[in-house]
Amino acid sequence: MSILIQNGTLICPQGPVKADLRVRGGKITEIGPGLPPEDSRLVDAAGKLVFPGFIDTHTHLEMNKGLPNETADDWSSGTRAALIGGTTCVLDFAEPERGASLASALETWHRRADGRASCHYGFHMTIKDWNSAIRAELPDMTAGGVTSYKIYLAYDNLRISDGDAYEVVRAVGELGGVVGCHCENGDLVSVGIAAQKAAGHLSPAAHPLSRPAAVEAEAVDRWLAIGELAGYPVNIVHLSTCRALQAVRQARMRGQEVYVETCPQYLLLNESKYQLPGFEGAKFVLSPPLRTPADQDALWEALSAGEVDTVGTDHCSFRLSVKALGRDDFSRIPNGIPGVEHRPILLYTYGVTAGHISPHQMMRLLSEQPAKLFGMYPQKGALAVGSDGDIVIWDPDYTGRISAAHQLQAVDYTPYEGMAVRGRAETVLLLGETVVESGALVREKRGRYVRRGACQFWRRERP
C-alpha cells in the first residue's frame, strides 16, 4: 500500500512547499496540493516539517573489532540509533589493515553491515598504503559503489606521505571520486604529546594543548596545496577552527574547489570540558579536540553563510571503561565521541530555532549536499518525484532533554547529557516503509547498501 503524507511543509530542493506527498513502491511518485487519497494510508503532517532522510557522512561503527579499544556501537546498535534520530543513511569508513587490499576491507565491512543495518549505508575507503596494486583496485571499488576515500596526515599507523596523497587525489579524481582528509600535522602532534608528558601533564586537560589550532591549520593549508597541484577538488573532514576556516576561504578566493565538513561537537562544545574534575574530561577526548568559544562562533557564521558543505558526526563511541585505558596517560585515551543519534535534533535546536540556519539550510547540510558530494543524488537527499521514499516527518514542537539513560547508542554516556532540545523525528520512512513512529523505533534491519556514483558536487568542469 502507498502512503500519502498530507498537510505538511515539504522541505524541497527549491525551498519549503505546502503540499502533499505520495510514496509508492519505495519511491516518491507524486508531490502536489490536495492529492487524492486513492488507496494510500494517510499520514497527517499538519504543523510538521517533512525532510528527505538525513545522511551522516562520517561514522566509525564496529571499529577496532576484537581489540581492547573496540567501539561500543556495532552495525546493529549504531544504525538503530541513527534511524531514531532521522538519519536514514550512514557512510562509514572501511579500513584495510596495513599491507592488505582495499577489497579485503570492503568484504569485511559488508560482512559486518549486510543484513544487520537498520538504516541504509555506504562505505568510504581509507587508504593507508599507496602502491600500484592499491591503485589498480580503484576501478573495482568504483564498480562496487565506493567512490570516496579518506587519508590521514596524522597518526603514525594511518598517515601517508604528501607525495602519496597527491597521487591518491589524482587517481581518485580521474574516476570522478573525492578524497577527504584528517588534517592534523602528525609530526607536530607527536612533539606536542611528548612535550606535555615531559612536563608531567597526563590528564585529559593536556589533550588540546598537545594539538592546538595551528596543528590543524597547517595541515589544512598543506592539504589544499596538494589538491590544487593535483587539479581536483578535495574534502576536509571535521574542520574545527577559525584558523583552518580562513585557509579554506583563501583557497576558494583563488578559485579552488574544496568541500568542508564540521561536526556538532565543534559547534556546541568547547575546550572547557577538559577542565572537568577527575577523569570526566576523557569523555570529550577526540581529534581534533574541542576548541574555543571564538572558534564555535566562527563555525556557526560559516554554516549560516553556506561555507560548510556537510555536518557529520565522526561517531566513534567508546565506553567509559575503554576511555579508562588512558587514565594515567592522556595520549592512551581512545579518541572519539558518540553522536549519530542526536545530530539532527542538535542542529535543529541550536541551529534552526536559534536563528543560525533555516530549515532549508538544515536540509541541504544533512541531506542534499551529502547526497551530491558522495554520488547519491537525487536517489537520496531530495523530496522529488522519482527519489527514494526515505522521509523524516519532523515535529517542531517537541521538547525534551538528551540523556544517556534514554538513548539507543550502546555507549554509556553522551557528551550532550542534559542539553535541552526542541523538535524531533516523529515519523521516519525507509523506502516508503514506516520504521519510526511517534518517536519510537518500530522496525529494524531494513537498511540497504547504497551503490554510489561519481561526485556530483563540482561547481566547475573537471580538468
Side-chain angles (χ1 to χ4, degrees), residues 54-60 85 87 90-91 93 124 148 150 153-154 178 180-184 208 211-213 215-217 219-221 223-224 233-252 258-271 273 284 286-316 335-340 342-352 354 356-358 361-374 415-416 457:
F54 304 132
I55 300 165
D56 192 340
T57 56
H58 195 151
T59 65
H60 298 276
T87 294
V90 298
L91 297 179
F93 288 91
H124 307 292
S148 52
K150 182 182 181 182
L153 297 182
V178 65
C181 183
H182 177 118
C183 291
E184 291 183 291
R211 48 216 310 156
V215 168
E216 180 188 59
V220 165
D221 199 50
W223 177 234
L224 292 172
V234 291
N235 187 31
I236 300 167
V237 301
H238 52 49
L239 185 136
S240 69
T241 61
C242 178
R243 187 163 170 176
L245 183 62
Q246 289 170 346
V248 170
R249 286 170 174 157
Q250 291 172 356
R252 286 172 170 168
V258 54
Y259 314 124
V260 172
E261 171 202 78
T262 195
C263 307
Q265 54 266 33
Y266 301 119
L267 297 165
L268 299 173
L269 307 173
N270 64 58
E271 62 187 6
K273 295 294 186 181
F284 305 92
L286 72 160
S287 293
L290 303 179
R291 303 299 190 178
T292 69
D295 288 310
Q296 291 176 282
D297 291 343
L299 289 174
W300 277 118
E301 290 172 6
L303 213 68
S304 178
E307 296 178 281
V308 174
D309 300 295
T310 61
V311 177
T313 58
D314 196 6
H315 177 89
C316 190
N335 280 213
I337 63 172
V340 72
H342 299 124
R343 176 187 60 134
I345 203 170
L346 289 167
L347 199 61
Y348 185 82
T349 301
Y350 296 97
V352 174
H356 291 296
I357 57 174
S358 67
Q361 285 176 298
M362 175 174 161
M363 182 278 293
R364 297 196 72 216
L365 287 163
L366 299 190
S367 304
E368 180 182 316
Q369 292 177 172
K372 287 181 175 178
L373 178 57
F374 295 117
Y416 308 107
F457 211 38

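Here the closest non-hydrogen pair linking Thr57 and Pro370 is CG2-CB, 3.5 Å. Closest of all the heavy-atom pairs between Ala302 and Leu245 is CB-CD2, 3.6 Å. Between Tyr259 and Pro233, the shortest heavy-atom contact is OH-CB, 3.6 Å. Considering all non-hydrogen atoms of both residues, Asp295 and Ser240 come closest at CB-O, 3.8 Å. Nearest heavy atoms, Leu365 versus Val308: CD2-O, 3.3 Å. Listed here is the closest heavy atom pair of Ala244 and Ala217: N-CB, 4.1 Å.
When each of Glu216, Gln246, Arg291 is paired with Thr241, the side-chain hydrogen bond (donor to acceptor under 3.5 Å, both in side chains) condition holds for Glu216 and for no other.
Proximity of His356 to Leu303: side-chain heavy atoms (C-beta onward) are nowhere separated by under 4.5 Å. Looking only at side-chain heavy atoms (C-beta outward), Leu268 and Trp300 come within less than 4.5 Å of each other. Residues Pro264 and Leu347 form no side-chain contact, since every pair of their non-hydrogen atoms from C-beta on lies 4.5 Å or further apart. Contact check for Pro289 versus Glu184: side-chain heavy atoms found under the 4.5 Å cut-off. Proximity of Thr313 to Cys263: side-chain heavy atoms (C-beta onward) are nowhere separated by under 4.5 Å. No side-chain heavy atom of Leu267 sits less than 4.5 Å from a side-chain heavy atom of Tyr350. In this structure, Arg343 and Thr87 have side chains that are in contact, with non-hydrogen atoms separated by less than 4.5 Å.
Side-chain atoms of Asn270 never come within 3.5 Å of backbone atoms of Thr292 as a donor-acceptor pair (strictly under, hydrogens ignored). Under a 3.5 Å cut-off, the side chain of Gln250 and the backbone N or O of Ala247 do not form any donor-acceptor pair.
Judged as a ring-ring contact (aromatic ring centres under 6.0 Å, His included), and not counting sequence neighbours, the contacts of Phe93 are His58, His60, His124. For Tyr266, there are no ring-ring contact (aromatic ring centres under 6.0 Å, His included) partners two or more places apart in sequence or in a different chain. A search for salt bridge (Lys or Arg N to Asp or Glu O under 4.0 Å) contacts involving Lys372 returns Glu368, not counting sequence neighbours. For Arg243, there are no salt bridge (Lys or Arg N to Asp or Glu O under 4.0 Å) partners, not counting sequence neighbours. A search for side-chain hydrogen bond (donor to acceptor under 3.5 Å, both in side chains) contacts involving Asp221 returns nothing, not counting sequence neighbours. Residues passing the salt bridge (Lys or Arg N to Asp or Glu O under 4.0 Å) test with Glu271: none are found, sequence neighbours excluded.
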**Full working for side-chain contact (heavy atoms from CB on, under 4.5 Å) between Leu373 and Gln369** = CA-CA 6 Å; Leu373 178 57; Gln369 292 177 172; 6.0 Å; no
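Ring orientation note: the planes of His238 and His182 are nearly perpendicular, at an angle over 60° on the 30°/60° scale.
Distance CG/Leu239 to CG/Leu299: 6.5 Å, rounded to 0.5 Å. Residue Ser287 holds its OG atom at 9.0 Å from CG of Asp314, rounded to the nearest 0.5 Å. The line from SG of Cys181 to CH2 of Trp223 is 5.0 Å long, rounded to the nearest 0.5 Å. Here Phe457 contributes atom CZ and Thr310 contributes atom OG1; the two are 8.5 Å apart, rounded to the nearest 0.5 Å. Between atom CG of residue Leu286 and atom CD of residue Gln265 there is a gap of 5.5 Å, rounded to the nearest 0.5 Å. From Leu269, atom CG reaches atom CD of Gln296 across 7.0 Å, with rounding to the nearest 0.5 Å.
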